[in-house]
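Note sheet for the following structure.
Letters A, B, ... are given to chains in the order of the sequence lines, protein chains preceding strands, and every chain is numbered from 1.
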Amino acid sequence: MPLQYKRVGCQIDSPFLFFRSQETITMSNLRVRFAPSPTGYLHIGGARTALFNFLLARKQQGTFVLRIEDTDVARSTQESVNAILQAMDWLGMDCDEGPLYQSDRFDLYRQKVDQLLAEGKAYRCYCTADELEKKREDALKEGRKPKYDGTCRERGEVSRDLPCVVRFKAPQGGATTFHDRIKGSISFQNDELDDLIIQRTDGTPTYNFVVVIDDAEMGINLVLRGDDHINNTPRQIMLYEALGYPVPDFAHVPMILGADKSRLSKRHGATSVMAYKDMGYLPEALVNYLVRLGWSHGDQEIFSMKELIELFSLDNVGKSASVFNPEKLLWLNSHYIKTGDPARLSELLAEHLQSEGVDVSTGPALEAIVAALQDRSKTLVEMAQQALCFLCEKVDVDEKAAAKFLVDKNRQPLEALVRTLETWKEWDEKSLDTAFKNVLETNDLKFGKLAQPTRVALMGDTKGPGICLIMQILGREKTIDRLKEAIGRISG
RNA sequence: GUCCCUAUCGUCUAGCCCGGCCUAGGACACCGGCCUUUCACGCCGGCGACGGGGGUUCGAAUCCCCCUGGGGACGCCA
């Protein structure tokens, strides 16, 4: 399809120039895709693959396609599709095309099977699943590579009224080689490959077949996916060629492993992207963590999405698998909480508090609480936990803390503090600090001596933000109430 | 078992392509110190790696070969 463009003041008809102009006009023709199968939630590994695709597309102003690989009708669910969409949205990855469903395209696949059959590039196979299973087991037992023995390939095309699958007649002899954009040159002996099934007995097409058709038909020119697909690549290249499609570029990103170096799975902890949201992680922390797993830009550790779009490149993607390290993710999360905008954080915190059944409509402003807690919370869940004592009606006093600080010798100082606060005019951190010091002076006390009992009285615990900041956030009424209650506890 | 991929601190990685600037840099974790009303934050310091063996070279983390370790694939799953 010729591209329309205006040639202004240029008489040259050179095909070379035409080509150049076309390139300039289209800006970028990079087309990448993320193609999850909807048989569960979006997991960490999938998210990173999606992220790399997304980043590359955005950087080169290309197109990011989302395709749902649901040819396995039995295991695919709409809930999974929704969960994946939701997770991608949370991470800030929006696609330019899709979601496209393979289940909508069975006619096309059927047509391509027929085409290969008609061209003699595929054949019907009547071997039963049981027979194949037995042959596979025998081969494995005898230490041979289990591959289809070609029984029906040799038989020739005799039409029978029996259930059958369709197999691709793979070229024999020679080798299939491709240049991987991450791993470099990869080569397979064709004899290692067998005739893969492209259509099941029930008439549905299989993964390796549809992936090729879809990537080709959608104009995907860079296939960027996990390196567990390297072994599928030579077969897919053969299919591209048999179907008469141009072969795209490939880039295989290394796997993510658990602490024991085995493939990341549930037993290593949470693998679902949305589980991290629930655990109080910020999307920018997960994105930042995931991108640094396998990719680097010198010594830089912190990247905003905007920076990533500028800086990300396949050139700096490592070749070897990497271990998922929850501690570093936690560190990144605490970093983004520390440096985050309190207004935004308040909204996110409110969600967590509400899901805990806490009423955030009354009580001190969430933003002030967030500001006080940012430096000391690694997750929003932690922050919600610490925010509780500001929001609840009654302080839940820790017994050990009470036993140590809410004791008789601290009663007089606390009473003195109450007396001072009851008549104190200003109620901000700085002014309260003056009030507090006045009490210390008149009672000849050290800061810590009064601060800790006060903290326990107000927060129920020995740790937390600065004592005067706590009083400011709590407000006069709650502060005095809680102090009096603590005094009552000592007396009582 | 066969094939494919891979190999720098415990972990993520820089350096490797284009050998000398590497007594191998940064980050997480860990340990110690400082700051401090507490807990954190922060700051300073410490611990800690080129898997092994052969080559090539005046010189190798960097180039070549072998071994070993690790991962993946070998489905009428994707």
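A distance of about 15 Å separates the P atoms of B:C47 and B:A27, rounded to the whole Å. B:U38 and B:U13 are spaced 37 Å apart, taking the C1' atom of each and rounding to whole Å. Rounded to the nearest Å, the gap between the C1' atom of B:C17 and that of B:C64 is 15 Å. For B:G71 and B:G54, the C1' atoms lie 26 Å apart once the distance is rounded to whole Å. The gap from the C1' atom of B:U6 to that of B:C16 amounts to 15 Å, rounded to the nearest Å. Rounded to the nearest Å, the gap between the P atom of B:U2 and that of B:G46 is 49 Å. Distance noted for atom C1' between B:C34 and B:A14: 30 Å (whole Å).
Extent of RNA chain B lying under 4.0 Å from chain A heavy atoms, first and last nucleotide in 5' to 3' order, is B:G1 to B:A78.
A:Cys164 comes within contact range of no nucleotide atom at all, as no heavy-atom separation falls under 4.0 Å. Residue A:Thr71 is in sugar-phosphate contact alone, with no base atom involved, counting any heavy-atom pair closer than 4.0 Å across all strands shown. Note on A:Pro254: nothing from the nucleic acid sits closer than 4.0 angstrom, heavy atoms only. Heavy atoms of A:Asn232 sit under 4.0 angstrom from at least one base atom. At the heavy-atom level, A:Arg75 lies under 4.0 Å from base atoms of the strands shown. Using a 4.0 Å heavy-atom criterion, one finds that A:Leu293 contacts the sugar-phosphate atoms exclusively. As judged by a 4.0 angstrom heavy-atom cut-off over every strand, A:Val165 is placed among the base-contacting residues. Residue contacts for A:His229: at a heavy-atom cut-off of 4.0 Å it reaches a base atom on one of the strands shown. When heavy atoms are screened at a 4.0 angstrom cut-off, A:Gly466 is found touching base atoms of the nucleic acid. Residue-level contact check: A:Ser187 touches the backbone only, with heavy atoms under 4.0 Å from sugar-phosphate atoms and none from bases. A:Thr462 comes within contact range of at least one nucleobase, with a heavy-atom separation under 4.0 Å. Within 4.0 Å of A:Thr201, counting heavy atoms only, lies at least one base atom of the nucleic acid. A:Glu301 comes within 4.0 angstrom of a nucleotide base, judged by non-hydrogen atoms across all strands.
The nucleotide B:G48 finds no pairing partner, because no Watson-Crick or G-U wobble arrangement with both distances shorter than 3.5 Å includes it. With a cut-off of 3.5 Å on both pairing distances, B:C9 has no Watson-Crick or G-U wobble partner at all. Base pairing analysis places B:C77 opposite nothing; no Watson-Crick or G-U wobble pair with both distances below 3.5 Å involves it. Using Watson-Crick or G-U wobble geometry with both donor-acceptor distances under 3.5 Å, B:U62 finds no partner in any strand shown. Across the strands present, B:C17 finds no partner; the criterion is a Watson-Crick or G-U wobble pair with both atom distances under 3.5 angstrom. When both pairing distances are held under 3.5 Å, B:U57 makes no Watson-Crick or G-U pair with any nucleotide shown. When Watson-Crick and G-U wobble pairs are counted only if both distances are under 3.5 Å, B:C43 pairs with B:G33.
Checked for salt-bridge contact, A:Asp215 and A:Arg67 meet the test: a charged N lies under 4.0 Å from a carboxylate O.
Heavy-atom distances to RNA chain B give each of A:Cys127 and A:Arg48 a nearest nucleotide, and the one nearer the 5′ end belongs to A:Arg48. For A:Asp228 and A:Trp295, each mapped to the nucleotide of RNA chain B holding its nearest heavy atom, the one lying further toward the 5' end belongs to A:Trp295.
By the 30° and 60° cut-offs, the orientation of the rings of A:Phe312 relative to A:Phe52 is tilted. A:Tyr245 and A:Tyr240 have perpendicular rings, their planes meeting at more than 60° on a 0 to 90° scale where under 30° would count as parallel.
Residues forming a side-chain hydrogen bond (donor to acceptor under 3.5 Å, both in side chains) with A:Asp375 (at least two apart in sequence, or on another chain): none. With sequence neighbours left out, A:Tyr276 forms a ring pair (Phe, Tyr, Trp, His ring centres under 6.0 Å) with A:Tyr281. Taking A:Pro326 as the reference, A:Phe324 meet the side-chain contact (heavy atoms from CB on, under 4.5 Å) condition, with sequence neighbours excluded. Residues forming a ring pair (Phe, Tyr, Trp, His ring centres under 6.0 Å) with A:Phe436 (at least two apart in sequence, or on another chain): A:Phe447. Listed by chain and number, the residues in a side-chain hydrogen bond (donor to acceptor under 3.5 Å, both in side chains) with A:Lys463 amount to none (sequence neighbours excluded). Considering only residues two or more places apart in sequence or on other chains, A:Asp341 meets the side-chain hydrogen bond (donor to acceptor under 3.5 Å, both in side chains) condition with none of them.
Sorted by first and then second residue, the ring-ring contact (aromatic ring centres under 6.0 Å, His included) pairs involving residues 250-269 of chain A (not counting sequence neighbours) are A:Phe178-A:Phe250.
Note: A:Leu314 CG to A:Asp249 CG = 9.5 Å, rounded to the nearest 0.5 Å.
A heavy atom lying under 4.0 Å from RNA chain B marks the following residues of residues 442-457 of chain A, by number: A:Phe447, A:Gly448, A:Ala451, A:Gln452, A:Arg455.
Between the side chains of A:Arg267 and A:Ser262, at least one donor N or O sits under 3.5 Å from an acceptor N or O.
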